[in-house]
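Note that the coordinates shown come from a computational prediction; the quantities given were computed from them, not determined experimentally. In this chain, residues are counted from 1 in sequence order.
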Amino acid sequence: MIKAVIFDLDGTLIQTEVLKANSYALAISELTHNDVEKNAVLETFNAYVGLSRQEVVQGLSKQFYNQLNAHLKIDGIEGIGEKLIAKRLSIYRGILDNTQLLSEHFCPFTLGLFNRLYQDDFILVLATMSHLPEAKKVTQTMGIYDKFNLVLTRDDVEHGKPEPDIYIKVMRLLGLESDECMVIEDSVNGILAAQNAKMTVFAVTNSITRKAVHDCGLLPTDFIVDDLNRLEENVYRSIHAANQIVD
């Protein structure tokens with residue numbers, strides 16, 4: 001029986017993946033005085049969707065090491081990464097302070113599903129690779145932070161997605177089994193994390209993740225939702241089917 005529905009945040013409840021991608025692209029462009037153009041970063045960002053901030057920074061620092069090193073005059077990935085984090089966070093925090101911009105990136109169909117599940121008294125969990133200050137600010141802006149029964153972020157686990165740590169911790173803290181949980185994700189790394197925790201997972205795709213989610217072959221097509229008008233219907237059908245098996 002499905003008792004809890006666990007939501008990823010970025011790209012699932014709000015299209016912050018797009019905003020994050022742009023903040024990294026702008027940061028690298030500015031640090032390299034446009035030797036690396038924004039589009040060059042954006043074209044590769046799909047590989048980093050669903051990873052933690054540290055993992056994204058490490059990957060991008062390696063990928064654009066020569067250009068960053070030439071302008072920053074810092075040897076070593078760690079030092080370059082520190083500069084990139086500082087620059088990118090300055091840009092991203094400005095984005096988070098723009099309530100109007102955030103509201104334009106809400107995912108209405110996923111929020112609609114969330115609110116119906118809330119009305120139907122399901123346990124609702126946030127499990128995100130964002131850090132708590134950013135995750136709290138975004139979900140408060142969305143008006144849903146206080147509706148979660150549990151909020152877990154990258155700060156709460158040793159290993160990020162695709163490792164299953166965050167989902168396993170959800171089960172431990174709530175006293176649930178994997179077949180009592182359903183996950184709503186948007187990225188390949190998120191899907192892997194949920195599957196590694198042996199949970200049912202639906203993928204809601206967007207322009208950044210759609211191709212990778214389909215190409216990875218991890219989910220049957222019934223569990224990949226490209227047309228978000230069908231999200232609520234598909235999820236509730238799966239919940240009813242699972243609960244009928246138990247009955």
Linking I/L/V/M/F/W/Y whenever their side-chain heavy atoms sit closer than 4.5 Å, directly or via other members, would I14 and L89 fall into one cluster?
no
Once you measure the plane-to-plane angle for Y236 and F122, does it fall in the parallel (<30°), tilted (30-60°) or perpendicular (>60°) bin?
perpendicular
Please work out whether the ring planes of F7 and F114 are parallel, tilted or perpendicular, with thresholds of 30° and 60°.
perpendicular
Considering the options N196, T128, D8, which one meets the side chain to side chain donor-acceptor pair (under 3.5 Å) requirement together with K161?
D8
Do the side-chain N and O atoms of D155 and T153 include a donor-acceptor pair separated by under 3.5 angstrom?
yes
Steps toward side chain to side chain contact (heavy atoms under 4.5 Å, CB included) verdict (V201, M182):
CA-CA 6 Å; V201 54; M182 178 177 286; over 6 Å; no
Side chains of S61 and Q58: do they bring a donor and an acceptor to under 3.5 Å?
no
Do side-chain atoms of D35 reach the backbone of S29 as a donor and acceptor pair under 3.5 angstrom?
no
Could you tell me whether the side chain of N206 and the main chain of T209 form a donor-acceptor pair under 3.5 Å?
yes
Test side chain to side chain contact (heavy atoms under 4.5 Å, CB included) applied to E104 and Q15, step by step
CA-CA 9 Å; E104 292 171 0; Q15 293 295 0; over 6 Å; no
Would a distance-only check, ignoring hydrogens and angles, find a side-chain to backbone donor-acceptor pair under 3.5 Å from R154 to V157?
yes
Distance from L31 atom CG to Q67 atom CD, nearest 0.5 Å?
12.0 Å
Out of the candidates H214, R210, K211, only one should pair with T205 under the side chain to side chain donor-acceptor pair (under 3.5 Å) rule; please name it.
R210
Carboxylate-amine/guanidinium proximity below 4.0 Å for R237 and D222
no
Counting only N and O atoms by type, is there a donor-acceptor contact under 3.5 Å from the side chain of N69 to the main-chain atoms of Y65?
no
Starting from the C-alpha separation in whole Å, work towards a yes-or-no answer on side chain to side chain contact (heavy atoms under 4.5 Å, CB included) for L176 and V170.
CA-CA 8 Å; L176 297 174; V170 169; 5.5 Å; no
Are side-chain N/O atoms of Y48 and Q63 paired as donor and acceptor at under 3.5 Å?
yes
